[in-house]
> 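Below you will find the structure I want to go over with you.
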Amino acid sequence: MGINPIQHLSHNDPIDALVAAHRPGHGLARAFYSDPAIFERDMERVFHRHWHCLAHESVIPNPGDFELFKIGNEAIILSRGADGTIHAMLNVCRHRGAEVCTKPKGNAKFFVCPYHAWTYSNDGSLRAARLMPKDFDRSAHGLKKIHVRVASGLVFISFAEKPLDFDPIEQALRASCGQYGWGEAKVAHRETYAIDSNWKLAVENYVECYHCGPAHPEYSQTHALEQPLEMIEKLNAAMEARTCALGVEVVSGNHWQNSAGGQEAIHTFRYALYDGVSTGSQDGSPVAPLMGRFTAYDGGVTSIHLGGTTFLVCYADHGMIYRFIPKTVDSCEMELIWLVRGDAEEGRDYDFDKLTWLWKVTTEEDKKIIEHTARGVASRFFEPGPIAPMEHNELRYINWYLDEISRP
């Protein structure tokens with residue numbers, strides 16, 4: 001990829017000066033997690049530039065269904081129109097800016113602004129603006145819309161005026177989570193974890209498994225990723241052979257790249273569960289009906305990192321969506337979404353507690369260690385240490401991040 005953030009920098013800009021002072025091979029300096037100006041740049045150059053997964057489309061299955069999502073200071077209405085089309089609109093009235101959608105979710109043909117009763121269809125078009133002049137152009141005052149795409153059942157949005165090319169992302173998802181039937185899946189559970197830390201500490205924690213052995217004994221009993229990659233090559237090869245024997249091809253590929261060329265960052269990789277383990281559960285036993293093209297368990301996991309804030313985990317019998325959501329400079333949220341086969345019924349086909357146990361336990365542990373780190377990083381004496389070999393994905397993420405915020 002050849003990332004070199006230095007070439008874009010202005011010596012007069014204090015944030016650019018911090019990027020220039022970054023020590024290669026080390027973690028980020030304290031200011032990257034605590035400076036409000038850097039947080040604002042994060043929103044502008046990371047969150048407003050890249051694609052983000054909001055939800056699985058099954059959360060708004062019927063015409064008129066809507067749900068409200070928040071990223072930083074922006075609120076997005078995700079709705080399904082009468083013709084089934086999904087729309088993403090900013091929750092800002094085109095008159096005086098009041099929020100037009102005041103409920104977190106529901107079903108509505110119209111959104112009526114509580115301030116002056118301007119009325120919008122659920123596709124964002126302005127239908128009524130009471131007592132406005134006859135020459136008022138309603139068609140020019142619909143809710144502002146942002147780009148939305150659906151791929152393998154996942155709804156993505158982009159705030160960018162010209163979004164990054166989504167077609168390669170759609171192809172990559174079809175060749176990975178598409179093989180697991182995510183397009184026909186449904187949401188079994190969603191849970192949001194409030195984290196008292198800058199969003200980057202949460203993402204950095206997610207992308208490395210150097211901490212898995214010490215911090216996640218439950219995960220490490222079943223997932224071979226808790227070891228260095230060179231030590232699990234045979235396990236991974238055996239997994240791929242089992243997947244192939246099932247007639248399933250899950251395409252891996254490392255396309256983690258900066259956005260300078262108009263492309264999104266995505267990396268799909270696979271790794272083995274330990275011998276005798278079927279899926280991500282407390283004891284490795286199956287927890288739900290097999291999904292997609294899988295007719296048996298291959299003992300593997302497919303992991304997808306996408307756009308800097310979206311992370312996907314595919315097992316043969318269920319899926320996980322991890323969303324990282326910035327709130328303020330020192331707070332964020334992680335939303336976890338559990339997917340199962342579309343016709344699976346709780347209590348008949350899966351047990352809720354068994355399905356959700358592993359990632360609930362793991363995420364509660366993550367919340368603790370992220371917040372431990374946030375409190376330590378807040379010290380004026382904090383000095384970033386070297387990135388360990390098992391943190392190669394974190395090193396890549398840091399370099400990518402620095403490049404993104406250094407480019408206007």
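Bear in mind the structure is a predicted one, so any value in this text is a computation, not a measurement.
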> Only one of Gln257, His255, His50 passes side-chain hydrogen bond (donor to acceptor under 3.5 Å, both in side chains) with Glu264; say which it is.
His50
> If you count heavy atoms of other groups shown closer than 6.0 angstrom to CD of Glu249, is the number above 12?
no
> Under the 3.5 angstrom rule, does the side chain of Arg190 hit a backbone N or O of Glu335 as a donor-acceptor pair?
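No, the answer is negative, given that no donor and acceptor are paired below the 3.5 Å cut-off.
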> Keeping Lys109 on the side-chain end and Asn122 on the backbone end, is there a donor-acceptor pair under 3.5 Å?
no
> Please determine if Asp403 and Arg45 form a salt bridge, counting it only when a charged side-chain N lies under 4.0 Å from a carboxylate O.
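Judged by the 4.0 Å cut-off on N to carboxylate O distance, Asp403 and Arg45 do not form a salt bridge.
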> Can you name the disulfide (SG to SG under 2.5 Å) partners of Cys209, sequence neighbours left out?
Cys212
> Check the side chains of Arg396 and His267 for a donor-acceptor pair under 3.5 angstrom, ignoring hydrogens and angles.
yes
> Can we say Asp353 and Lys360 salt-bridge, meaning some charged N sits less than 4.0 Å from an Asp/Glu carboxylate O?
no
> Quick one, Leu28 and Leu402 - any side-chain contact, counting heavy atoms below 4.5 Å?
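Yes, at least one pair of side-chain atoms sits under 4.5 Å.
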> Determine yes or no for a side-chain-to-main-chain donor-acceptor pair under 3.5 angstrom, with Asn205 supplying the side chain and Ile370 the backbone.
no
> Are Asp196 and Lys367 close enough for a salt bridge, meaning some N to O gap below 4.0 Å?
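Salt bridge: no.
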> Can you find a side-chain donor-acceptor pair between Glu391 and Tyr397 that sits under 3.5 Å?
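No, no side-chain donor-acceptor contact under 3.5 Å.
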> Would you check if His22 and Ile398 make a side-chain contact, meaning some heavy-atom pair closer than 4.5 Å?
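Side-chain contact under 4.5 Å: yes.
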> So do the side chains of Leu306 and His52 get within less than 4.5 Å of each other, counting heavy atoms only?
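Leu306 vs His52: side chains apart.
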> Is the side chain of Glu208 donor-acceptor paired with the backbone N or O of Tyr210 at a distance under 3.5 Å, no angle test?
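Yes, because the side chain of Glu208 sits within donor-acceptor range (under 3.5 Å) of the backbone of Tyr210.
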> Using only atom types and a distance under 3.5 Å, with no angle test, would you say the side chain of Lys186 pairs donor to acceptor with the backbone of Ala344?
yes
> Under the salt bridge (Lys or Arg N to Asp or Glu O under 4.0 Å) rule, what pairs show up with a residue in residues 18-35, not counting sequence neighbours?
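Checked against salt bridge (Lys or Arg N to Asp or Glu O under 4.0 Å) - neighbours excluded - no pair reaches residues 18-35.
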> Between Arg375 and Ser197, does the side chain to side chain donor-acceptor pair (under 3.5 Å) criterion hold? Intermediate values first, please.
CA-CA 8 Å; Arg375 288 189 290 270; Ser197 96; over 6 Å; no
> So does Asp137 get a backbone contact from the side chain of His141, meaning a donor-acceptor N/O pair under 3.5 Å?
yes
> Do we see a donor-acceptor contact under 3.5 Å between the side chains of Asn198 and Asp330?
no
